Amino acid sequence: MISAPCRSFMQNKGSLYSSTLSAISTAYIALDAAESFREIVRPSSSVFTHTESNGTHFCTFKDIQEGFDALAQPDRSQLVEGIRKCNSIYHVRRCHHHCLVTQIEQDTYLANSLVFTYAKYGALYDSKAVFKLIIDRSVVTWTALISALVRHEAYLDALLLYRQMHQEGTTPNNVTFIALLGACMNREFLTEGKRLHACISKEQLSDVILGTSIITMYGRCRSLEDARALFSQLPNANIVTWNAIMTIYVELEQGKEAIFLIQRMHSAGLEPNDCTYINGLKACALLEDITLGRAIHVCVVAEGLISDIVVSNSLVNMYGKCGALDDALYIFSGMPKHDVITWNGIISSYVQQGYGAEGLELFRNMQQQGIKPERVTFINVVGACANITALDEGKWIHACLLNDALESDSQVGNALIHMYGQCGALKLARIVFYKVRPHNVVSWTAITSAFAQQGRAKEALHLFQEMQENHVKPDDVAYISVLSACSHAGLVEEGIWCFLSMWEYGLNPNIEHYVCMIDLFGRAGLLSEAEEFMCKMPRWHDGRLWAALLSSCTIHSDIYRGKNAAEQMITFGAGETASYVLLANLYAANVKRDSESPALVLSKMMSLSDEEGDSESMRILLDRMVAAYMGSYD
DNA sequence: CCTTATGAGA
């Protein structure tokens with residue numbers, strides 16, 4: 001949006017000040033020559049006085065422009081006000097032009113507001129150019145540009161500018177520090193943030209806003225310890241400070257500590273506000289504590305905060321994460337307005353509970369309401385397609401998100417890979433995989449498990465290998481997908497080899513890895529090896545392992561081992577009903593050989609039915625038993 | 001006198 005003459009001037013750093021001045025003028029006059037000419041030649045009048053009662057203030061930018069148009073030489077305070085009222089880069093240019101025409105652009109205050117306002121509308125280049133021309137740079141000048149750079153995510157530039165400011169002998173004030181701390185909101189800038197903290201004196205820390213900014217900085221750098229240390233030293237922490245520290249606990253997934261903070265806050269004599277409740281609800285979602293969530297819901301209603309869309313969105317989310325879809329829908333329906341976040345919340349609630357079709361239905365409703373989906377929406381609806389293996393719908397959504405160039409986003413891309421993997425569209429999964437950058441463990445695991453789940457174990461193993469050759473360290477999830485690929489394909493040796501390689505990466509196998517191993521031996525018919533392996537394991541007192549063994553016994557018709565496994569499964573608490581279902585499958589498969597056992601299992605099931613009340617699995621079981629008996633007469 | 005400025009949903 002910068003004109004060519006203007007740009008060529010900017011690049012001509014060697015120009016003398018006087019000549020640059022006229023160059024700027026030329027540039028801006030060239031920008032809209034006719035317009036400017038008209039402004040300059042028009043005779044002055046007293047347009048400014050026609051506005052409000054106090055005479056010197058304007059309402060809108062239009063008033064000001066009319067004023068400028070009428071006056072060839074607006075005065076300084078009029079220009080300052082004009083700049084402040086700008087609402088587009090075009091307006092700023094016009095004001096700048098008037099500053100030049102009236103030859104008062106060297107006024108530091110005026111220039112400061114130009115630096116800031118240019119930056120506000122994204123014209124960093126113009127902002128820097130004005131900055132360079134200012135001779136008497138004050139703290140405010142530096143701070144204006146620093147905060148502009150931070151706002152435009154040019155963090156390194158902002159910090160470099162701070163260094164230059166320091167070298168030129170200007171002392172930063174609280175506002176400068178607040179802006180600079182904004183440049184350190186990422187782990188990689190933690191050292192820089194600590195350095196800034198060290199430059200801030202005790203007196204300066206009595207400014208709550210500054211203190212809170214440092215805490216937030218430590219939070220974003222995920223350094224809870226530094227944040228807590230400072231928090232205990234702050235003399236006048238307010239509700240915002242407490243909320244800031246609470247946000248850190250929530251972001252570090254320490255739900256209990258976050259909730260505990262509400263109580264401590266209360267005893268410190270502070271009343272929670274909307275932000276406190278938002279954090280509290282997020283903590284409930286983390287803890288999946290619906291009781292606490294309901295308690296906060298009551299508070300929110302009592303304090304009239306339910307009309308706040310952010311609070312309501314948090315409620316939808318909390319209920320959704322706790323699996324209470326009816327409650328989530330109740331909040332959702334009661335809301336007068338739904339934004340993208342609301343829709344994301346309700347859609348993800350359904351998808352995460354396994355209701356992919358309903359999630360997609362909601363997605364269509366959302367689009368009918370004219371709400372544009374964004375990153376998180378796409379991640380959820382692609383997940384919904386994976387959930388119900390809706391390949392056509394998935395392709396259609398994939399096409400939609402191409403417009404926003406979201407395909408290469410790692411989270412969206414991984415969701416797509418997973419979806420195509422689930423749908424068996426491995427070619428498409430691979431195409432997306434090569435578009436995602438950079439390839440991290442998650443994307444490698446997504447593509448590996450896509451092949452693994454389709455029974456293409458050799459390719460899955462190859463991808464696993466390739467990942468390591470690309471110096472990406474596998475994590476425990478990657479191992480689960482590759483181990484299960486081996487067990488499904490009967491690649492016992494490869495599976496063992498993979499399992500052993502976990503130690504090379506310093507990974508300790510968890511129960512799921514052990515389940516994969518039992519499965520690996522069991523499926524291959526190596527039942528005694530599976531048993532042997534289990535007995536050598538550190539945590540064999542887990543019903544899930546015996547369940548894996550039992551299902552292998554079912555495949556290989558090993559009734560003796562199967563019975564034992566079922567007993568162990570019950571002993572180690574993997575659900576009595578589940579063990580009987582598996583055992584019934586075993587008997588059902590061998591009904592000709594051992595015709596009395598099914599009746600025994602059935603009677604055991606009946607005796608359980610009152611206590612467990614698990615009618616669904618009971619029904620499935622009975623169906624299977626009946627089918628087995630029918631089959632035995634063939 | 002005018003310019004720079006904190007916390008939050010997914």
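Naming: A, B, ... by sequence-line order, numbering from 1 per chain. This one's a predicted model, so the numbers in the text were calculated from it and none came from an experiment.
- Closest to the side chain of Cys275(A), out of dG7(B), dT4(B), dA5(B), is dG7(B).
- Distances shorter than 4.0 Å separate some side-chain N or O of Arg151(A) from OP1 or OP2 on dA5(B).
- In this structure, the CZ atom of Phe116(A) is 16 Å from the P atom of dC2(B), given to the nearest Å.
- In this structure, the CG atom of Leu110(A) is 13 Å from the P atom of dT4(B), given to the nearest Å.
- Between the side chain of Ser443(A) and the backbone N or O of His439(A) there is no donor-acceptor pair closer than 3.5 Å.
- Met185(A) has its CE atom 14 Å from the P atom of dA5(B), to the nearest Å.
- Minimum atom distance to the side chain of Asn112(A) is reached by dT3(B), of the listed dG9(B), dT3(B), dT6(B).
- When distances are taken from the side chain of Thr247(A) to each of dG9(B), dT6(B), dA8(B), the shortest belongs to dA8(B).
- Here dT4(B) presents its C1' atom at 14 Å from CG of Leu210(A), a figure rounded to the nearest Å.
- The aromatic rings of Phe332(A) and His338(A) lie parallel to each other, with less than 30° between the two planes, well short of the 60° mark.
- Here the P atom of nucleotide dG7(B) and the CG atom of Asp274(A) are 14 Å apart, to the nearest Å.
- Summarising the geometry of Lys321(A) relative to Gln353(A), their closest heavy-atom pair is O-NE2, 4.5 Å, with the distance given to 0.1 Å.
- In this structure, the nucleotide among dA8(B), dG9(B), dT4(B) sitting nearest to the side chain of Arg220(A) is dA8(B).
- Both geometric conditions, a ring-centre gap below 5.5 Å and a plane tilt below 30°, are not fulfilled together for Tyr109(A) over the base of dT3(B).
- Residue Trp242(A) contributes atom CH2, which lies 15 Å from atom C1' of dG7(B) at whole-angstrom precision.
- Under 4.0 Å is where a charged nitrogen must lie from a carboxylate oxygen, and between Arg364(A) and Glu393(A) at least one such pair does.
- Atom CD1 of Ile278(A) is separated from atom C1' of dA8(B) by 5 Å (rounded to the nearest Å).
- Here the P atom of nucleotide dG9(B) and the CG atom of Asn279(A) are 6 Å apart, to the nearest Å.
- Under a 3.5 Å cut-off, the side chain of Asn238(A) and the backbone N or O of Val240(A) do form a donor-acceptor pair.
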